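By convention in this document, chain letters (A, B, ...) are assigned in the order of the sequence lines, proteins followed by strands, and residues within each chain are numbered from 1. All values derive from a computational prediction rather than experimental measurement.
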Amino acid sequence: MPTHDVLVIGAGLAGQRAALAAAEQGVSVGILSKVHPVRSHSNAAQGGINAALNPEDSWESHAYDTVKGSDYLGDQDAISIMCEEAPEEILHLEHLGVTFHRNEEGRLGTRAFGGASAARTYYVADITGQAIMHVLYEQLMKHSEDVTRYEEWFCTALALDESGECCGVVTRNVADGEMQLFSAKSVILATGGNGQVWKPTTNALICTGDGIAMAYRAGAKLMDMEMIQYHPTTLAGKGFLITEGARGEGAHLLNAKGERFMERYAPNKMELASRDVVSRAEQTEIEEGRGFPDGTVALDITVVPKKRIHEALREIVLVGKDFAGVDITREPIRIKPGNHYTMGGVKTDVDGRTDVPGLYAAGEAACVSVHGGNRLGANSLLDTLIFGRRSGVDAAARAKRTEGARPSQRVLEGEQASIEAIAAREKGSGRRVSEIKLELGETMDKHVAVFRDEAGIQQALETVRRLKEEAKSAYIDDKGSIFNQDMLAAIELGYMLECAECSCVAALERRESRGAQYRTDFPERNDEEWLKHIDLQQGDDGPEISYSEVTITQWEPEERKY
Amino acid sequence: MAEYTLKVRRYQPETSEGPYWEEFKVDLDPSLSVLDGLLQAKDRDDGSLSVRCSCRAAICGSCGMKINGQSGLGCKTQIGEAQEAADKFAHKVDGGTPGRGSEGGSISDSSALARAEDVPPIVVEPMGNMPVIKDLITDMESTHWTKIRRVTPWLLPHGAPPEREYVVEPQSMIDITQSMACIQCGACVSSCLSMEADPDFVGPAALAKAYRFVGDPRDAETKERLHDLAEDPHGIYDCTHCFSCVDACPKGVAPMDQIMRLRRKAGEQGIEDSNSGHHHEIAFAQIIEKKGTLDEVALPRESFAFGLKGKLKPSKRAIREVLAGLPTIFRAIRTGKVRSKWIAPHHKLPGGAQDEVKAIYRHAEEHREEFNIYISGEEDVEPEPDETATEEATA
């Protein structure tokens with residue numbers, strides 16, 4: 001049985017950072033990912049990473065912006081930690097070799113980003129996530145002796161011991177289908193978000209909420225699951241992301257009449273108001289008939305100097321050209337709000353600890369909560385790195401004081417049996433996995449999106465519960481062992497449905513409008529009743545609701561204006 | 001919406017004896033990608049059709065494949081354009097038999113769907129220069145990643161880091177951002193003609209990665225890295241300058257350009273590799289400058305035995321190189337690749353043309369410009385009106 005002190009599941013930024021941090025503590029570390037690490041979705045983060053590194057800037061200012069951006073649902077102790085530790089993390093990355101943009105003096109240069117009161121976003125052109133992740137992977141290659149990589153291993157379940165502590169995971173080696181039980185004193189989930197629950201989404205096909213669902217099934221609490229970010233600038237239909245960096249560089253949003261409509265919604269910050277505000281503004285324009293006939297508005301990047309576009313927004317030039325047939329240096333591009341980010345996730349403390357001892361979570365899979373109701377642009381990379389590192393350090397410390405745990409073979413046998421059961425389903429015995437996934441995605445995008453109401457969410461929840469039943473008999477074509485992606489898709493569908501159910505239940509429960517949750521039937525924020533987190537735990541009949549306090553340290557809730 | 005036929009080179013290791021072709025009919029908007037087409041076939045018809053994919057937006061690098069013989073990303077190739085290319089490709093490979101060279105059409109092909117004769121299918125194959133695991137999934141670990149690890153792919157700074165950031169030339173970061181833009185998809189490796197001949201060639205992706213460190217002012221091992229890659233018989237001088245990788249790269253990394261930068265820097269460092277790669281390059285350039293076209297007889301002598309001519313006592317190595325090269329030279333003469341100067345002397349360029357060649361050399365010397373998409377943009381930016389005016393005035 002492969003055995004490690006610390007086992008990290010997922011190898012995006014949070015996972016790689018956690019693994020490196022744990023290895024520095026001198027414990028044995030394994031990192032396991034269902035795709036090759038550099039394929040992870042952290043790649044897609046284009047715009048940059050926030051840190052108050054300039055002497056004129058302060059972490060308090062960064063923290064205040066984040067608190068305000070979260071619509072006061074973010075926990076201020078966690079936000080303070082993230083913002084205070086941000087500058088050191090940026091310098092650490094720079095020292096490892098990230099090719100951050102420089103100003104004329106050759107020092108780190110910044111760009112402006114949404115919801116921020118200072119230009120504090122550090123970046124590598126518009127491939128910031130990719131650049132950082134590839135540099136961390138360089139470090140993983142460098143430290144091959146300290147961190148064992150399991151590339152293309154899929155995780156099917158967490159293993160708990162008799163006392164309910166997490167002591168390992170059940171995995172399937174994608175290359176040959178072998179089921180393997182791993183033993184670990186600490187397990188860190190860094191499996192990313194669950195954007196694939198929606199269609200369209202900016203998220204990669206791998207973002208199926210694996211870790212969130214596995215933790216939930218293991219009894220961990222989920223938090224803020226109703227908070228789903230719709231990014232203001234995604235390509236219609238395909239859902240591809242156009243970085244907020246474009247607006248940071250000065251691009252305008254225009255409706256079909258050519259009006260810069262943000263004047264009416266956020267007269268001060270205009271296009272750089274926080275994402276929930278901009279997305280709602282766009283959706284309002286579209287729904288009130290001022291959008292284009294295809295249900296979009298326009299992003300005009302032509303106002304940014306060409307030289308600057310090529311230097312700083314090249315990826316967007318390519319996205320426009322390859323996926324929309326538009327030269328963004330010459331004409332506006334049609335965009336609309338699209339599913340982008342899971343603010344909620346596995347509830348953790350500031351060291352990544354979940355409610356299940358031995359189980360940690362970091363990055364988009366986790367909910368610390370630093371993003372609350374709405375994440376600020378360029379705070380997600382920061383979240384992955386800060387809490388990835390903190391989880392790694394704490395998981396290593398726990399491993400050092402924990403006796404070796406042996407997960408039971410019964411967990412492995414159970415997982416093997418359920419995989420065999422999936423393979424045994426006859427063709428035509430039920431629906432195809434892909435059909436169910438499509439219905440799920442379209443349902444969620446219709447009812448649990450920018451604007452929501454009780455009837456819609458209720459309908460979505462009923463659909464999700466029906467799909468959960470249907471998924472039990474969904475059949476697959478591939479019965480083999482080697483790279484059986486069909487099998488993995490069937491398991492992932494189960495993960496997505498758990499996440500979807502939780503999002504619906506939480507969205508239904510929160511009877512107010514805050515951050516990304518805008519209830520047309522409860523259009524006001526209601527601090528008196530709802531300045532609290534909604535926690536969900538698996539019960540016999542679906543998610544059981546409880547509440548937890550929002551930690552407020554120095555920023556009392558105020559009206560939110562941009 | 002339009003209908004397309006995807007002809008996929010499949011391999012199911014557990015159920016099939018060897019590779020085989022299978023056609024899938026898909027219907028989707030021409031602006032969608034070949035990957036979208038494959039996923040539609042997978043979703044609707046056959047879930048066992050295997051292809052690595054994740055982001056669908058040319059950023060994760062999972063879906064490297066050959067489409068109509070051209071290496072690239074499935075998600076970045078629009079299916080409508082792929083159909084246009086298929087039409088051309090069908091003519092090129094004689095009646096629609098796909099594949100090139102050893103991957104030709106000898107594999108079983110019994111599953112062709114009925115379709116109009118004049119609409120050739122879009123041919124999709126796994127990447128080249130890598131073992132195939134299943135359908136479009138290749139073994140990148142034993143090829144691509146092993147080569148990447150070959151170039152010591154991490155920063156080796158000098159001593160402890162500074163308290164704040166390293167202060168470096170702003171341009172230097174933009175310079176290496178081009179190779180940082182690599183997403184490790186392997187399309188360049190798949191297309192590399194040198195690697196087809198020499199599987200040990202470090203290759204375009206790994207060498208582009210190497211430049212990311214060689215060009216990084218924070219790295220302290222520049223000279224050691226260059227020495228290492230110049231001395232390796234499968235290193236920087238193994239590239240034959242065919243541009244396939246530049247063509248294949250979906251991210252504009254232009255791996256061959258990065259290899260040329262490595263060569264130039266190795267030359268600037270005065271590294272005279274034992275493969276005579278550096279001298280070969282110089283000999284090549286000098287011969288053209290002098291004669292206008294390549295003198296195939298002079299080339300091996302100038303490249304490998306530069307100490308032979310004009311010296312009273314040629315070096316042992318020069319003599320060894322010339323002797324070792326004799327069989328190749330005779331073979332080249334026999335096949336007509338090289339004309340012996342006693343049989344047919346090297347011809348000169350027509351009057352004045354040689355001066356033009358020299359003018360090109362002078363221009364290149366005076367304008368040492370690097371092509372970097374992060375600086376100039378991918379295509380030529382339209383000249384500003386007043387620039388054009390100045391040019392006309394000077395002309």
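Although no hydrogens or angles enter the test, the distance criterion places no donor-acceptor pair under 3.5 Å between the side chain of B:Arg149 and the main chain of A:Lys142. In this structure a side-chain-to-backbone donor-acceptor pair under 3.5 Å is present from A:Gln130 to B:Cys182. For the pair B:Glu169 (side chain) and A:Gly106 (backbone), a donor-acceptor distance under 3.5 Å is absent. For B:Glu14 (side chain) and A:Ile482 (main-chain N/O), a donor-acceptor pair under 3.5 Å exists by modelled atom type.
Contact of A:Tyr137 with chain B is made through the side chain alone, with heavy-atom distances under 4.5 Å. Interface remark: A:Glu105 contributes backbone atoms only to the contact with chain B (heavy atom separation under 4.5 Å). Using a 4.5 Å cut-off between heavy atoms, A:Glu151 contacts chain B through its side chain alone, with no backbone atom that close. For chain A, the nearby part of B:Pro13 is the side chain; its heavy atoms alone come within less than 4.5 Å. At a 4.5 Å heavy-atom cutoff, the contact between A:Gln196 and chain B is made by side-chain atoms alone. The contact between A:Lys238 and chain B is made by backbone and side chain atoms together, counting heavy-atom distances below 4.5 Å. For a residue to count as touching a neighbouring chain, one of its non-hydrogen atoms must lie under 4.5 Å from one of that chain's; by this rule A:His101 does not touch chain B. Both the backbone and the side chain of A:Val38 come within contact range of chain B, judged by heavy atoms closer than 4.5 Å. Using a 4.5 Å cut-off between heavy atoms, A:Ser144 makes no contact with chain B at all. Only the side chain of B:Arg218 comes within less than 4.5 Å of a heavy atom of chain A; its backbone N, CA, C and O stay farther away. For a residue to count as touching a neighbouring chain, one of its non-hydrogen atoms must lie under 4.5 Å from one of that chain's; by this rule A:Phe240 touches chain B with the side chain only. Within the 4.5 angstrom heavy-atom criterion, no atom of B:Glu81 approaches chain A. The part of B:Ile137 that comes within reach of chain A is its side chain, from C-beta onward, which places non-hydrogen atoms under 4.5 angstrom from that chain. For B:Ile183, the parts sitting under 4.5 Å from any heavy atom of chain A are the backbone and the side chain alike.
When each of A:Gly325, A:Ser481, A:Ala489 is scored by its heavy-atom pairs under 4.5 Å with chain B, the top score falls to A:Ser481. Highest contact tally toward chain B, considering only A:Val319, A:Val433, A:Leu108, A:Ile309, is held by A:Leu108 [criterion: heavy-atom pairs under 4.5 Å]. Interface check for chain A: of the options B:Val51, B:Asp216, B:Thr77, B:Asp219, the most heavy-atom pairs under 4.5 Å are formed by B:Val51.
Under the 4.5 Å side-chain criterion, counting only non-hydrogen atoms from C-beta, A:Glu435 is not in contact with B:Asp43. Looking only at side-chain heavy atoms (C-beta outward), A:His134 and B:Gln184 come within less than 4.5 Å of each other. Taking the side chain as every heavy atom from C-beta outward, A:Asp478 and B:Lys134 approach each other to under 4.5 Å. Within the 4.5 Å cutoff, side-chain heavy atoms of A:Val135 are placed close to those of B:Arg212. You'll find the side chain of B:Trp154 reaches within 4.5 Å of the side chain of A:Met141, heavy atoms only. Side-chain contact between B:Gln171 and A:Arg102 is absent, with no heavy-atom pair separated by less than 4.5 Å. With contacts defined as side-chain heavy-atom distances shorter than 4.5 Å, the pair B:Gln78/A:Phe323 does not qualify. Between B:Trp145 and A:His36, the closest side-chain pair of non-hydrogen atoms falls below 4.5 Å.
In terms of heavy-atom proximity, B:Lys76 sits nearest to A:Asp322 at CE-OD2, 2.7 Å. Here the shortest heavy-atom pairing between B:Ser62 and A:Arg39 reads OG-CD, 3.2 Å. Residues B:Ala181 and A:Ile127 come closest through the heavy atom pair CA-CD1, 3.9 Å. The heavy-atom pair separating A:Glu152 from B:Arg52 by the smallest distance is OE2-NE, 2.7 Å. Taking every heavy atom of both residues into account, A:Arg432 and B:Asp46 meet most closely at NH2-N, 4.0 Å. Here the closest heavy-atom approach between residue B:Pro170 and residue A:Asn103 is recorded as CG-O, 3.2 Å.
The distance from atom CD of B:Glu165 to atom OH of A:Tyr122, rounded to the nearest 0.5 Å, is 8.0 Å. For the atom pair B:Ser54 OG and A:Leu205 CG, the distance stands at 6.0 Å (nearest 0.5 Å). The CG atom of B:Asp45 sits 10.0 Å away from the OG atom of A:Ser434 when rounded to the nearest 0.5 Å.
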Stepwise, does the side-chain contact (heavy atoms from CB on, under 4.5 Å) test hold for B:Cys55 with A:Asn43?
CA-CA 9 Å; B:Cys55 73; A:Asn43 262 338; over 6 Å; no
Let me see the working for A:Val124 and B:Met173 under side-chain contact (heavy atoms from CB on, under 4.5 Å), right down to the final yes or no.
CA-CA 9 Å; A:Val124 182; B:Met173 286 294 117; over 6 Å; no
Show your reasoning for whether side-chain contact (heavy atoms from CB on, under 4.5 Å) applies to A:Glu138 and B:Phe213.
CA-CA 11 Å; A:Glu138 290 167 10; B:Phe213 300 104; 3.5 Å; yes
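Along residues 29-42 of chain B, the residues that come nearer than 4.5 angstrom to chain A, judged on non-hydrogen atoms, are B:Ser31, B:Leu32, B:Leu39, B:Lys42 in order of number. Of all residues in residues 89-98 of chain A, those placing a non-hydrogen atom less than 4.5 angstrom from a non-hydrogen atom of chain B are A:Leu91, A:Glu94, A:His95, A:Leu96, A:Gly97, A:Val98.
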